[in-house]
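Here the structure comes first, spelled out in structure tokens, and everything after it is commentary.
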Amino acid sequence: MIQEIFEAGVVGAGGAGFPSHIKFKTKADHLLINAAECEPLLYTDQMEMEEHSEEIVAGVELGMEILGAKDGKIAIKKHHEASIRALEKALEGHPKIELVLMDSYYPAGDEHAIVFECLHQPLEPGALPSSLGAVVSNVTSIRNIYLASKGIPVTHKKVTVTGEVNSPVVLSVPIGTRITELIQRAGASKLENYAVLLGGPMMGKMLLGKEIEEAVVTKTTGGILVLPLDHPLIVRRRQTPEQIRKQTASACIQCSFCTELCPRYLKGHPLHPHQVMKAFGFNLPDHPNLPQASLCCECGICELFSCPMGLSPRIVNQLVKKQLREEGAPKPEFQGQGLNPLEFIRRLPTETLMRKIQVDKYDAYGKPPYETMETSYVKIPLSQHIGKPARPLVKEGDWVEVGQKIAGLEEGEMGANIHGSISGQVISVSDQWIEIKGGNQ
Ligand code: SF4
Ligand code: SF4
């Protein structure tokens, strides 16, 4: 099975794209499925469950078999009722797999939150789920593992397109489709000039102008949020590191609200963003509080919800982590402090968060329709995963079929294979992309 998962190019679909054949090459007691749909406004995972619940459950059974796990748990928000109904039906006759119903809070899809909800124990700071005998997989990835067992590689991805578009929609598209095509399919943007948060409002990557024109759907794309250029989420992300440094030095009042609502701090991790802000603001590069930043999961609550001064502890943590990496600082050891007794009552309801970050009007659209979309051109990145980029196996002028391996790695290398997502002719090959124009030979 590990070989089949490798061949099919399965990676973590909800995060950075960790290769699944490496994640599953281990033994574990519990297989935990992240079906929380963490980012506000997205319906991507919900559609995956509503459309493919049988294949997801078959994937969990298969994953448990590979790991030698004694149980499987699917963590899902309790108000995602249609997904729950679909899964409950598919779970009949699968007594070792259960649903774990979660409240609607952010970041419910953080790996530490999933482990805590399923196993009722907090992970230690910096620890992996394996320290509690668990492997965590995204709901799309586990379906892709099932498909891999049938010889079907990863060629398509579901994506929610919402925000300032005329007809929000969830689309299943070939990997490599331009995101401008998805925006057109969603009825086009209501705005002449706009920004995109690729992935969602909290942790999505901001794209502007030419970046939007060039961006394509990858194995990890879950959402396209179209926003006005003057939306507070965009204005904030356009700040330069230097602006952030100056604001931190001049405006942090050390109120510690950023710490009090930090989900990692509340899980008992020694992360106190207000302390990192102080050391960073005073420009103390060797301060012993700075390495705490490495515990930050970059959820953005401190930056977008907690701070009364409009500061960015999340970005400061990113800058500090980068600085420590560049200095080659050793990985720090941290001692857990035990679950904070206020953890439950300080969880941030998703609806409250959406109001605060001013995206609640897009939530009022309700659940979008689900459609499949074809395209006549794809530009498929060779690196959609953690590890080495795949090496091209085709050349300009070759004809390829959907599902044909077009770039690959040797078994044992960290990375993932890449497959054609449409049938057609290869029109260019570089060390970053393979472009295919649809058609028949
Ligand atoms: S919440 Fe803002 S002002 Fe308060 S300590 Fe944190 S960064 Fe400083
Ligand atoms: S982004 Fe802020 S709130 Fe989130 S984990 Fe990091 S410090 Fe805590």
Side-chain angles (χ1 to χ4, degrees), residues 15-16 36 38-40 105-116 122-128 197 199-206 232-233 236-237 239 241 243-284 287 289-325 332 334 336-337 339-340 342-350 352-354 356-357:
C38 191
E39 280 279 350
Y105 66 92
Y106 181 84
D110 178 27
E111 194 163 72
H112 284 243
I114 296 290
V115 169
F116 185 68
L123 281 170
E124 287 295 307
L128 294 172
L197 288 180
M202 292 301 285
M203 298 179 76
K205 181 182 175 209
M206 181 180 69
L233 289 178
R236 184 178 278 264
R237 279 164 198 256
Q239 290 178 326
Q243 285 171 315
I244 288 170
R245 184 183 289 278
K246 283 184 181 155
Q247 285 172 0
T248 303
S250 61
C252 178
I253 54 175
Q254 286 293 293
C255 64
S256 82
F257 288 174
C258 49
T259 296
E260 297 300 330
L261 286 176
C262 170
R264 290 291 172 95
Y265 164 76
L266 291 167
K267 288 274 184 319
H269 297 192
L271 170 60
H272 306 84
H274 73 286
Q275 294 178 354
V276 179
M277 291 293 277
K278 191 172 180 181
F280 183 84
F282 280 104
N283 202 10
L284 303 171
H287 197 282
N289 284 340
L290 286 179
Q292 294 179 23
S294 64
L295 297 174
C296 170
C297 68
E298 300 179 16
C299 69
I301 288 180
C302 51
E303 177 188 49
L304 300 173
F305 188 85
S306 312
C307 181
M309 303 302 287
L311 303 180
S312 302
R314 163 170 60 175
I315 307 291
V316 168
N317 284 340
Q318 283 174 352
L319 295 170
V320 171
K321 282 195 254 188
K322 185 164 172 268
Q323 180 184 313
L324 293 172
R325 259 197 317 273
F334 295 104
Q337 298 163 346
L339 189 71
N340 189 306
L342 297 173
E343 196 269 342
F344 291 99
I345 58 171
R346 288 204 183 148
R347 287 181 182 179
L348 176 55
T350 306
T352 310
L353 174 64
M354 284 194 287
K356 174 78 189 224
I357 63 174

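A quick note: this is a predicted structure, and the numbers were derived from the prediction, not measured. Each ligand, and each atom within it, is numbered from 1 in the order the structure gives.
Per-residue contacts place P308 under 4.0 angstrom from the following atoms of ligand 1 (heavy atoms of the residue considered): 1 (S). Proximity to S256 (heavy-atom distance under 4.0 Å) selects the following atoms of ligand 1: 4 (Fe), 5 (S). Heavy-atom proximity to M309, at under 4.0 Å, picks out these atoms of ligand 1: 3 (S). The contact set between ligand 1 and Q254, taken as ligand atoms under 4.0 Å from a residue heavy atom, comprises 5 (S), 8 (Fe). Taking a cut-off of under 4.0 Å to the non-hydrogen atoms of M277, the atoms of ligand 1 that pass are 7 (S). In the vicinity of H274, heavy-atom distances shorter than 4.0 Å reach the ligand 1 atoms 5 (S).
Regarding atom 8 (Fe) of ligand 1, its nearest protein heavy-atom neighbour is C252 SG, 2.3 Å. The protein heavy atom nearest to atom 4 (Fe) of ligand 1 is C255 SG, 2.3 Å. Counting protein heavy atoms only, atom 1 (S) of ligand 2 is closest to G300 N, 3.2 Å. Atom 3 (S) of ligand 1 has I253 N, 3.5 Å as its closest protein atom, hydrogens excluded (heavy atom only). Of the protein's non-hydrogen atoms, the one nearest atom 2 (Fe) of ligand 1 is C307 SG, 2.4 Å.
With a 6.0 Å radius and a threshold of 12 heavy atoms from other residues, nucleotides or ligands, F257 has its CZ atom at or below the threshold.
Under the 3.5 Å distance criterion, the side-chain polar atoms of K356 are matched with a main-chain donor or acceptor of F305. Using a distance-only test at 3.5 Å, with no hydrogens or angles considered, a donor-acceptor pair links the side chain of T259 to the main chain of H274. R347 contributes no side-chain N or O that, together with a main-chain N or O of P107, makes up a donor-acceptor pair within less than 3.5 Å. No donor-acceptor distance shorter than 3.5 angstrom exists from the side chain of E298 to the backbone of M203, with no hydrogens or angles considered. Proximity of a side-chain donor or acceptor of Y265 to a complementary backbone N or O of P273 within less than 3.5 Å is not detected. H269 contributes a side-chain N or O that, together with a main-chain N or O of L123, makes up a donor-acceptor pair within less than 3.5 Å.
A heavy-atom distance below 4.5 Å is found between the side chains of F116 and E343. Side-chain contact between N289 and H272 is absent, with no heavy-atom pair separated by less than 4.5 Å.
The shortest heavy-atom contact between E260 and L266 is O-CD2, 3.6 Å.
Listed by chain and number, C262 SG are the protein N/O/S atoms closer than 2.8 Å to atom 8 (Fe) of ligand 2, with waters left out.
Only the backbone of E298 comes within 4.0 Å of ligand 2, judged by heavy-atom distances.
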